[in-house]
Amino acid sequence: LMDDAGQNLVHRFAVRFDKNVQIKDLMHVGDGLVGYAALHKEAVLVPDVSKDPRYVMLNPESRSELCVPLILKDRVIGVLDLEHTRRGYFTDFHKRTLTTLAGQVAVAIENARLYQRIQQQEQRLERDLGRAREIQFHLLPACCPTLKNAQLAARYAPALAIGGDLYDFLNYSGDVLGIAVGDVSGKGAPAALFGALASGMLRSTVTSEPSAAEMLAALNLALAERSLESNFICLLYVLWDDALRTLQVANSGFPRPLFCHQGEISVVEATGLPLGLFDDAQYDELTLSAAPGDVFVFFSDGILDAAGPDGEQFGRARLERLVAQTWDASAEEIADAILAAVNQHSVG
């Protein structure tokens with residue numbers, strides 16, 4: 001087979017009287033009968049090798065030889081070489097037959113090489129994605145904050161190895177906690193990288209303790225300055241005042257959250273343009289008062305868009321019914337119930 005440089009033929013496989021033979025041999029292109037066949041891209045039939053000046057003796061028993069180049073798209077990838085202990089053994093019939101076979105062998109070898117290359121690339125990609133997944137989960141909060149007047153629970157299950165959804169808890173002074181839940185356009189590694197960028201911006205901006213709307217405006221301006229074509233982020237940002245039990249909500253294209261009071265479901269009508277598309281976008285904010293037992297549910301469109309075997313999406317109506325049925329459970333139990341229902345609906 002031809003080496004990568006296209007200068008030498010390296011022996012790869014031989015059979016001698018039905019037994020494999022190990023031959024450590026390297027032939028320069030142009031040398032010997034094998035090298036001549038490779039250089040001139042033509043079959044070489046020699047009835048008596050002792051009378052051919054091109055012959056290089058490697059096997060003292062050889063008397064006749066047939067060398068057929070393995071050609072793929074006008075490129076020689078190797079040589080098929082047959083030798084016999086009898087003079088004049090090979091004929092034009094052998095030459096025609098081997099030439100036909102050589103074309104099929106060349107395709108098979110190239111396909112095997114491509115498969116091996118793709119397999120190696122896939123293995124490397126899987127290792128990289130596995131490492132990226134591990135890093136992404138380390139970037140997410142290790143656990144939910146413990147509050148006096150509220151329970152928090154979070155679940156994260158990317159559709160692929162890594163994804164563009166994100167969430168974070170950001171500390172303010174006093175009893176105020178910032179909560180960010182976001183979804184980057186696209187999926188996979190590009191979305192995860194863009195999400196990591198947004199997470200870093202969130203943490204650098206929170207030091208000034210902005211309101212919910214001010215946080216979105218600041219993030220939008222920062223992302224617009226680093227505009228990437230077709231990339232944007234939908235983000236829900238809320239401030240929970242644990243002493244006053246109030247929730248300040250601002251939204252930039254994220255699914256509108258649910259508010260459940262005594263089993264009655266309502267939608268928090270906070271909307272806005274996604275971040276990173278328009279540098280002059282403005283964001284409104286709503287303030288809600290909560291009573292003991294009230295439930296807020298923030299969720300990405302991955303929940304709503306999860307499709308079953310028949311293509312039917314999980315949808316907002318199913319989510320609302322589920323929250324209405326489980327509102328008096330703990331935050332952990334509600335989060336688990338939602339994820340379990342989505343997994344059951346999509347059947348994997």
Side-chain angles (χ1 to χ4, degrees), residues 139-141 145 150 152 154 156 163-186 191 193-242 244-260 265-290 294-305 316 319:
L139 291 176
L140 297 172
L152 297 175
Y156 185 89
D165 287 359
L166 60 98
Y167 70 92
D168 207 351
F169 303 107
L170 303 160
N171 293 317
Y172 282 62
S173 58
D175 296 316
V176 177
L177 177 70
I179 304 173
V181 189
D183 181 9
V184 179
S185 59
L193 287 171
F194 206 53
L197 172 65
S199 294
M201 291 178 176
L202 276 167
R203 290 193 164 272
S204 63
T205 306
V206 76
T207 54
S208 61
E209 299 197 352
S211 68
E214 289 171 345
M215 174 63 90
L216 293 187
L219 275 180
N220 179 67
L221 187 60
L223 289 172
E225 291 175 350
R226 299 166 175 80
S227 179
L228 293 176
E229 186 177 356
S230 302
N231 279 94
F232 56 87
I233 299 177
C234 297
L235 188 77
L236 180 76
Y237 192 72
V238 305
L239 295 180
W240 169 254
D241 190 318
D242 199 47
L244 300 178
R245 294 179 181 174
T246 60
L247 193 75
Q248 186 185 89
V249 184
N251 193 359
S252 61
F254 202 74
R256 294 165 299 163
L258 300 181
F259 174 42
C260 181
I265 301 292
S266 61
V267 176
V268 180
E269 297 293 347
T271 59
L273 294 171
L275 305 177
L277 293 179
F278 307 99
D279 54 8
D280 57 349
Q282 300 294 317
Y283 299 95
D284 299 325
E285 58 190 23
L286 303 175
T287 300
L288 305 173
S289 297
D294 286 351
V295 176
F296 296 98
V297 181
F298 312 140
F299 51 91
S300 74
D301 58 7
I303 297 293
L304 304 182
D305 295 345
R316 184 177 283 268
L319 180 60

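Every value quoted in this text rests on a predicted model; they were computed, and no experiment measured them.
- Using a 4.5 Å heavy-atom threshold, the side chains of L275 and Y283 count as touching.
- Counting non-hydrogen atoms of other residues, nucleotides and ligands closer than 6.0 Å to CD of E269 gives a total above 12.
- Atoms CG and CG, from L202 and L216 in turn, are 9.0 Å apart once rounded to the nearest 0.5 Å.
- Closest of all the heavy-atom pairs between P141 and Y167 is CD-O, 3.4 Å.
- Remark: the backbone N or O of A270 is paired with a side-chain donor or acceptor of N251 at under 3.5 angstrom.
- Within the model, atoms CZ of F278 and CZ of F232 stand 10.5 Å from one another, a figure rounded to the nearest 0.5 Å.
- Between V206 and Y172, the closest side-chain pair of non-hydrogen atoms falls below 4.5 Å.
- Just one residue in the list I233, T271, D183 forms a side chain to side chain contact (heavy atoms under 4.5 Å, CB included) with F254, and that residue is D183.
- A212 approaches V249 most closely through the heavy-atom pair CB-C, 4.2 Å.
- Taking 4.5 Å as the limit, every side-chain heavy atom of L258 sits out of range of all side-chain heavy atoms of V268.
- Taking all atoms of both residues into account, the shortest heavy-atom contact from L166 to S199 is CD1-OG, 4.1 Å.
- Side chain of T287 to backbone of Q248: no donor-acceptor contact under 3.5 angstrom is found.
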For I265 and F259, what are the C-alpha separation, side-chain angles and deciding distance, and is it a side-chain contact (heavy atoms from CB on, under 4.5 Å)?
CA-CA 6 Å; I265 301 292; F259 174 42; over 6 Å; no

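- Proximity of a side-chain donor or acceptor of R316 to a complementary backbone N or O of R256 within less than 3.5 Å is detected.
- Checking each of L152, L236, L170, L239 against I179 for a side chain to side chain contact (heavy atoms under 4.5 Å, CB included) leaves exactly one that passes, namely L152.
- Contact detail for G182 and L235: the closest heavy-atom pair is CA-CD1, 3.5 Å.
- We find the CE-CG distance between M201 and N220 to be 10.5 Å, quoted to the nearest 0.5 Å.
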Going by atom type alone, with no hydrogens or angles, which donor-acceptor pairs under 3.5 Å involve a side-chain atom of residues 294-304 and a protein atom two or more places apart or on another chain?
residue, atom, partner, partner atom, Å
D294, OD1, H261, ND1, 2.6
D294, OD2, A291, N, 2.7
S300, OG, D165, OD2, 2.9
S300, OG, G302, N, 3.2

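- We find the CG-CG distance between L277 and L223 to be 9.5 Å, quoted to the nearest 0.5 Å.
- The minimum heavy-atom distance linking A213 with A250 is given by the pair N-CB, 3.7 Å.
- Considering every non-hydrogen atom in both T246 and S289, the closest pair reads CG2-OG, 4.1 Å.
- E285 places no side-chain N or O within 3.5 Å of a backbone atom of S211 that could act as its donor or acceptor partner.
- Residues S252 and P274 have side chains not in contact (no heavy-atom distance under 4.5 Å, counting atoms from C-beta outward).
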